[in-house]
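Every chain is numbered from 1 and lettered A, B, ... according to where its sequence line falls, protein lines coming before strand lines.
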There are 2 protein chains.
Amino acid sequence: MSINALQAIKQDTLSEHVFQQIKEDIITGVIPQGQKIGEAGLAKSYDISRGPLREALHKLESINLVDRRPHSGSRVITLDFAMMQDVYQMREAMEGFATRLACIAMSQSDIDNLYRLLEKHESSIKQSEGKRYLQQEGSLDFHYYIFSKCQNQWLIDYLNNKLYQVLRMCRHRSSQMPFRVEPALHDHYAIVDAINNRDPELAEILMRRHISGAWKIVKNLLDKEKIEE
Amino acid sequence: MSINALQAIKQDTLSEHVFQQIKEDIITGVIPQGQKIGEAGLAKSYDISRGPLREALHKLESINLVDRRPHSGSRVITLDFAMMQDVYQMREAMEGFATRLACIAMSQSDIDNLYRLLEKHESSIKQSEGKRYLQQEGSLDFHYYIFSKCQNQWLIDYLNNKLYQVLRMCRHRSSQMPFRVEPALHDHYAIVDAINNRDPELAEILMRRHISGAWKIVKNLLDKEKIEE
DNA sequence: AATACTCATATTGTCAACAATAATTAAAAT
DNA sequence: ATTTTAATTATTGTTGACAATATGAGTATT
């Protein structure tokens, strides 16, 4: 099950449907960062009335993808350095913790599934050289599979519905730039090995290190970006 | 500045105002747990139309105080054992982390303020024997003061606007029952001492232990409750 | 020229009527 | 008597009009 498939549920109402749609448009950059959002305009372009649109905007605010100020309006967030640092710092702590819990709670068949998932990633990397964005989305599936087994509904909810949404936004921002994906796969194997050995502390540490490594890469890209302009 | 004062800002719109009001009514038990919420009824009793009320309900959903199911309606959450365990587990991890960050970032005058705050609590405990709920609210101020200095806006936001709201609800639920507050004060002093010594690891550990201790007390109360019925 | 003020305009907040869906009740069939 | 089905009712979702507020242009004043 893909992480995107999971988000597709619950689109029973207009408000939910348009919420998902706008969310994807923000994450993929169709609506650019910092863009001011006029309710009337968006309502027309998504072909709904302002009521459901406002509800969608509230939901977008609740997952920190838009800022809303009373009587003034909404705008898409801008991923500045401080925000990305906050997000990665948060992710390191929370997903590390989730990994520890998952290591304790996982069944053996869960672990087997993880190994199979990694093998699929490995072969898909060999086949499709250069399609880094897809490969990264695959990596999200790996992370999701682990923390979804931590058995703490609040933790799962926060990681899945808040942190990972801006995270995907970050990745889209920096997906143009080249970097290697093989090291990540190596990290992933080490994490699953730790889980397989039922070593929660090590699993947590490896996951935290993996994430802080990802942040270092992103940070370097941001620095380079700044120098070049 | 009290934690409640902080929540009082931003009541510029009807929707915000009624959101705060309903939130307090849920937390303090005026609207009981598990209660089914009819939009029409609530709108009349708070004397607004259904539009702003619906927005308020969405906000309440986003801080996990009500469940909303499409076409079916909303109901106040019920604090069962599993949920409270999730919340305390989450709090232990996140507030522990926040304490570590705050320990690094705090200025000396911040630390002085913390000591003064504790002295105030100490004298207020001696004066008002038995008024446990107020004392607990004071303890929230202590916790808020620390994590608000962690310099991670996402972390502050989550602790303040999500976790601490259900936490207050938990406390209200168990505030009838007697237990001692002096040990908590002792814990608080130990935490501030660790911060004052600029020992982030120890500060985190002490905070985590303090919170998991609180959870053990609550858990025992819940068990006793179950046995007695 | 720069700042403060007023008014016009555009945008957001609120309301009440309408449409669509789910829950409930009653009837019918097994 | 129990289960299934159909229709009724009550509740939620959606819409467009109206009210309140902020933004911005233009004018006056220092």
**Q** Rounded to whole Å, how long is the line connecting atom CG of B:L14 with atom C1' of C:dC15?
**A**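 Roughly 11 Å, once rounded to whole Å.
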
**Q** Is the closest basic N to carboxylate O distance between A:R168 and A:E24 below 4.0 Å?
**A**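 Yes, this pair counts.
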
**Q** Less than 3.5 Å apart, any donor N or O on the side chain of A:S107 or A:D110 sitting next to an acceptor on the other?
**A**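 Distance-only check passes for A:S107 and A:D110.
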
**Q** Specify the separation, in whole Å, of atom CD of B:E55 and atom P of D:dT12.
**A**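 It works out to 16 Å between those atoms.
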
**Q** Establish, yes or no, whether a centroid distance under 6.0 Å links the rings of A:Y164 and A:Y144.
**A**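 When the ring centroids of A:Y164 and A:Y144 are compared, they turn out to be at least 6.0 Å apart.
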
**Q** Please give, in whole Å, the distance from C:dT11 P to A:R68 CZ?
**A**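 Spelled out: CZ on A:R68 to P on C:dT11 is 15 Å.
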
**Q** Write down the distance between CD (A:E16) and P (D:dT14), rounded to a whole number of angstrom.
**A**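 Taking CD of A:E16 and P of D:dT14, I get 10 Å after rounding.
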
**Q** Are B:W154 and B:F147 an aromatic pair by the rule of ring centers under 6.0 Å?
**A**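 No - the distance between ring centres of B:W154 and B:F147 does not fall below the 6.0 Å cut-off.
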
**Q** Please state how far atom CD in B:E39 lies from atom C1' in D:dA10, giving the value in whole angstrom units.
**A**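 From B:E39 CD to D:dA10 C1': 12 Å.
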
**Q** Establish, with yes or no, whether the OP1 or OP2 oxygen of C:dT12 is under 4.0 angstrom from a side-chain nitrogen or oxygen of A:R54.
**A**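 Indeed not, no polar side-chain atom of A:R54 lies that close.
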
**Q** Roughly how far, to the nearest 0.5 Å, is the CG atom of B:L53 from the CD1 atom of B:I22?
**A**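 Rounded to the nearest 0.5 Å, the CD1-CG separation comes out at 5.0 Å.
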
**Q** Starting at CG of A:L53 and ending at P of C:dG13, how long is that distance when rounded to a whole Å?
**A**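 After rounding, the reported distance stands at 11 Å.
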
**Q** Between B:K36 and A:I48, who's closer to the 5' end of DNA chain D by nearest nucleotide?
**A**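 Counting from the 5' end, the first nearest nucleotide belongs to B:K36.
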
**Q** Specify the separation, in whole Å, of atom CZ of A:F19 and atom C1' of D:dG13.
**A**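 Checked: the CZ to C1' distance equals 17 Å.
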
**Q** Which letter, B, S or -, goes with each nucleotide of nucleotides 20-25 of chain C from 5' to 3', with contact meaning a protein heavy atom under 4.0 Å?
**A** -SSS--

**Q** Return the orientation label for the A:H210 and A:H143 ring planes: parallel under 30°, perpendicular over 60°, tilted otherwise.
**A**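 It falls in the parallel class, under 30°.
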
**Q** Within the 4.0 Å heavy-atom criterion, would you say B:P52 contacts the bases, only the backbone, or no part of the nucleic acid?
**A**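 Sugar-phosphate, no base atom in range.
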
**Q** For B:I37, answer base if it contacts any base atom (sugar-phosphate contacts may also be present), sugar-phosphate if it contacts only those atoms, and nothing otherwise; contact means non-hydrogen atoms under 4.0 Å.
**A**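 Sugar-phosphate, no base atom in range.
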
**Q** For A:R50 and B:G38, find the nucleotide of DNA chain D closest to each by heavy atoms; which residue's nucleotide sits nearer the 5' end?
**A**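 By nearest-heavy-atom nucleotide position, the 5'-most residue is B:G38.
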
**Q** Compare all side-chain heavy atoms of B:E55 with those of B:T13 and state whether any distance is below 4.5 angstrom.
**A**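 When only atoms from C-beta onward are counted, B:T13 and B:E55 do not touch, as no gap falls below 4.5 Å.
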
**Q** Please report, rounded to the nearest Å, how far the C1' atom of C:dT11 is from the CG atom of A:L42.
**A**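 Distance check: A:L42 CG to C:dT11 C1' gives 13 Å.
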
